[in-house]
Amino acid sequence: MQKLLENLNLEQLAAVTLPAQSALILAGAGSGKTRVLTTRIAWLLKTGQISTQGVLAVTFTNKAAREMTARLSGMISANTRGMWIGTFHGLCNRLLRAHYHDAALPQSFQILDSQDQLSSIRRLLRANNVDDEQYPPRALAYYINNAKERGLRAVNVEAFDEHEQRMVELYGLYEEQCQREGVVDFAELLLRSYELLSRNVLLREHYQARFRHILVDEFQDTNDLQYQWLRLMAGGGAVVFAVGDDDQSIYAFRGANVGNMTAFQRDFQVQNLIRLEQNYRSHGNILEAANALIANNSRRLGKNLRTEAGHGEPVRVFEATSDLNEAQYLVEEAKSLVAEGRLRSEIAILYRSNAQSRVIEHALFSAGIPYRVYGGLRFFERAEIKHAMAYLQLMDNPHNDSAFLRVVNFPTRGIGARSLEQLQNMARQHDVSLYAAIPYMSGKAGTSLAAFVRLVEGARFETQQMSLPEMVKMVIERSGLIAHYQKEKEGADRIENLGELVNAALAFLHMEGIPQDMPALYASQVFQGTPILPTESGVEVLEGEPVVEMTPLVAFLTHASLEAGESQAQEGQDALQLMTVHAAKGLEFDAVFITGLEEGLFPHENSTQEVDGLEEERRLMYVAITRAKQRLYLSCSQTRMLHGRTKYNIQSRFLDELPEGILKWITPKKQVYWSGSTSSGASHAFVVPAVAPLAATRSTGGATWRIGEAIFHKKFGDGVIVSLEGEGAQVRAHINFGREGMKLLDLSIAKLERLA
DNA sequence: GTTCCACGCGTTTTT
DNA sequence: CGCGTGGAAC
């Protein structure tokens with residue numbers, strides 16, 4: 001016990017050893033959040049306050065769940081497998097698998113990822129002759145997910161106009177389609193298990209009695225449905241230990257509701273609020289920057305990070321003349337950091353949006369510096385992998401219409417759109433799956449479809465005794481996928497990925513502790529993440545919880561949907577880390593570059609229109625800053641190519657919000673030409689590029705304008721002329737309108753007033 | 001059924 | 001500017 005608790009600071013110790021009452025832990029960046037969470041569980045177990053069966057720990061990412069499990073096994077001797085540790089979606093999946101019957105789902109229901117959901121919706125719209133201009137699939141998906149996250153079924157949604165009424169109808173049809181096909185989307189996992197527990201008293205009471213301690217990571221990211229799910233699960237008087245940081249809430253745009261933190265304090269009568277403010281990650285100047293920045297946000301729960309690490313180096317600020325120039329600076333700086341002996345993997349280049357990475361990648365590539373870009377397509381999201389997985393889905397259940405449609409003509413086998421249209425009519429007519437409707441088909445379409453049936457049945461027969469990796473190998477060959485990509489010019493990577501899928505299957509068995517030679521179609525008592533047969537004394541099943549029988553194949557399919565896998569990138573090599581700020585959350589690096597610190601980009605222009613959008617952007621910047629351990633670089637650029645146009649941006653307000661004393665300007669700090677305040681009261685400064693053009697003048701319509709001159713425009717307000725171009729009637733000026741941004745105005749049209 | 005070009009669109013995205 | 005989608009032509 002002594003060993004378990006040693007080296008915890010007082011705040012952490014207090015959190016770990018809190019009495020059995022619900023608590024909220026405000027854990028600042030780098031304050032040892034995961035450590036507190038895992039030590040808390042270990043402490044509860046070691047003090048005998050709970051058995052492994054009584055623990056429910058929820059995270060948002062698989063990675064976090066894995067890390068928690070791994071750390072916990074290092075702390076306790078008991079098997080972590082008895083505990084329910086996982087993501088919201090993973091745990092809900094587990095509930096639904098165990099109680100599929102009560103949840104009105106087929107035993108081997110399949111999970112749609114966002115891509116699958118979208119194609120499912122597209123198919124629905126086509127089948128119902130809906131104009132997808134008027135009802136874009138993406139918008140409908142958003143609408144449906146949003147409704148589900150508010151706990152609303154189609155029958156419960158209130159439509160405010162005709163258009164929405166139609167959306168609701170389509171939502172209803174989508175529900176029917178999913179139910180018919182035995183598939184659930186991500187939001188459905190949550191909602192369905194919520195409904196399962198709220199309707200089924202016995203089940204609810206069973207789980208409420210079982211889980212006496214519920215621990216939640218990244219609580220600020222919970223959405224409304226997840227919060228209600230927690231309330232339901234904890235309804236029997238469980239102790240909820242919620243860890244989160246309102247300052248790091250950056251997923252409001254996806255439905256995360258920081259308000260859940262205050263709601264939690266109210267609903268659970270939280271007496272214990274502990275702040276973890278001791279930071280073990282960053283040097284003082286970096287923390288000071290973070291603290292000063294976030295202080296500009298209102299409605300915070302309040303928190304100030306401190307460190308014992310000393311001030312460290314100043315925060316370096318660089319103003320580039322162009323995005324290219326910015327990228328070159330990054331390259332040079334990164335080079336010298338590596339020359340100093342730093343690992344490339346300890347250097348991160350962060351940006352607000354993915355579009356910014358291209359210039360940087362190009363510069364790094366030219367300089368021959370290894371780098372790795374995070375984000376983009378992940379392994380199980382790749383088209384060739386999706387195709388292979390669809391064939392595997394058909395091995396489990398050929399009546400899966402979406403899997404069927406995905407590969408019935410891929411590789412092409414002469415089954416075109418009109419054949420499928422006929423088939424769909426036939427299926428509707430006989431109320432059966434597409435696969436089952438094939439025997440009703442005649443003519444040429446019937447022949448080629450029958451050939452497909454023979455392919456599927458043949459593969460199913462042959463793979464009957466095969467292990468999962470053998471089955472995967474067999475399917476990617478027999479389906480013709482390999483041959484197809486061999487014919488393609490750029491198919492080599494895809495073939496390589498398909499080969500990688502065989503390895504992924506092998507690795508999966510290993511991870512789950514499933515014997516490598518167990519037939520893929522053998523219904524074993526394994527459960528994803530947690531076999532229910534871990535002890536020597538035999539199968540360990542709590543009363544009221546059925547043994548989940550699942551084939552290795554279905555377990556693998558589930559795994560692929562719930563965990564998209566790492567992004568494909570060259571492994572093994574020490575490489576610079578490139579990612580969006582969102583993707584960097586939870587990570588840390590010796591040196592961090594935050595790029596593109598310009599108004600319109602970071603904060604992003606779209607965010608300023610959303611309620612509290614600016615505050616979310618600021619939290620995003622806060623997250624970015626607090627990733628850095630020793631060295632932090634901030635950069636912005638005067639010009640930037642965006643969508644094929646050159647944009648003239650002004651420096652981000654976030655730069656202004658940092659204390660001057662901790663900054664070191666690599667380029668001269670901008671000269672402030674004029675400052676004042678807008679009608680809204682926000683004070684700001686007008687600035688011109690550090691490399692100020694000469695006091696050039698241009699005349700038009702009898703007036704002469706000078707660079708640097710302060711002017712007033714009826715629509716944009718006060719501004720400063722930054723550059724002038726053209727002659728006579730063609731004179732145009734770049735004018736910095738402060739918060740309104742940089743505008744290019746034609747001076748023969750725009751009416752400017754001269755300010756004294 | 002396949003291929004090619006024109007057009008449009010371009011924040012972030014744990015599951 | 002560069003990509004992915006979708007329509008029209010081979």
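Just so we're on the same page: letters track the sequence lines, and every chain starts at 1.
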For [X], which residues count as a ring-ring contact (aromatic ring centres under 6.0 Å, His included) partner, sequence neighbours excluded?
X	result
A/Phe109	none
A/Phe589	none
A/His484	A/Phe410

State which residues pass salt bridge (Lys or Arg N to Asp or Glu O under 4.0 Å) with [X]; sequence neighbours excluded, sorted by chain then number.
X	answer
A/Arg138	none
A/Glu67	A/Arg71
A/Glu421	none

Using atom names, set out every protein N or O paired with an N or O of nucleotides 1-6 of chain B below 3.5 Å, distance rounded to 0.1 Å.
from, atom 1, to, atom 2, distance (Å)
B/dG1, OP1, A/Gly416, N, 3.3
B/dT2, OP1, A/Thr412, OG1, 2.3

Classified by glycosidic angle (syn within 90° of 0, else anti), B/dT11 comes out syn

Looking at residues at least two apart in the chain, or sitting in another chain, which of them share a side-chain hydrogen bond (donor to acceptor under 3.5 Å, both in side chains) with A/Ser120?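 With sequence neighbours excluded, A/Ser120 shows a side-chain hydrogen bond (donor to acceptor under 3.5 Å, both in side chains) to A/Gln177, given in chain and number order.
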
Going by atom type alone, with no hydrogens or angles, which donor-acceptor pairs under 3.5 Å involve a side-chain atom of residues 359-366 of chain A and a protein atom two or more places apart or on another chain?
from, atom 1, to, atom 2, distance (Å)
A/Glu361, OE1, A/Tyr371, OH, 3.2
A/Glu361, OE2, A/Ser357, OG, 3.2
A/Ser366, OG, A/His362, O, 2.8

To the nearest angstrom, how far is [X] atom [atom1] from [N] atom [atom2]?
X	N	atom1	atom2	result
A/Ile144	B/dT15	CD1	P	22 Å
A/Asp116	B/dT15	CG	P	15 Å
A/Gln115	B/dT15	CD	C1'	14 Å
A/Arg192	B/dT15	CZ	C1'	17 Å

N/O to N/O distances under 3.5 Å, protein versus nucleotides 10-14 of chain B:
from, atom 1, to, atom 2, distance (Å)
B/dG10, N3, A/His643, ND1, 3.3
B/dT11, O4', A/His604, NE2, 3.3
B/dT11, O4, A/Glu610, OE2, 2.7
B/dT12, OP1, A/Asn354, N, 2.7
B/dT12, OP1, A/Asn354, ND2, 2.9
B/dT12, O4', A/Arg352, NH1, 3.0
B/dT12, O2, A/Arg352, NH2, 3.1
B/dT13, OP1, A/Thr580, OG1, 2.8
B/dT13, OP2, A/Asn354, ND2, 3.2
B/dT13, O2, A/Arg254, NH1, 3.0
B/dT14, O4, A/Asp221, OD2, 3.4

Distances under 3.5 Å between protein N/O atoms and the N/O atoms of nucleotides 6-9 of chain C, please, pair by pair.
none

For A/Ala263, the side chain to side chain contact (heavy atoms under 4.5 Å, CB included) test, sequence neighbours excluded, returns A/Tyr227, A/Arg266, A/Asp267

Original post:
Roughly how far apart, to the nearest Å, are B/dT12 and C/dT5 at atom P?
Top reply: 16 Å

inquiry  = Checking the side chain of A/Asp113 only, and the main-chain atoms of A/Gln115 only, is there a donor and an acceptor separated by less than 3.5 Å?
reply    = yes

*asked:* Under 4.0 Å, counting only non-hydrogen atoms across every strand here, what does A/Ser114 touch: a base, just sugar-phosphate, or nothing?
replied: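 Base contact.
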
Does the side chain of A/Tyr374 come under 3.5 Å of the side chain of A/Gln577 through a donor N or O and an acceptor N or O?
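Distance-only check passes for A/Tyr374 and A/Gln577.
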
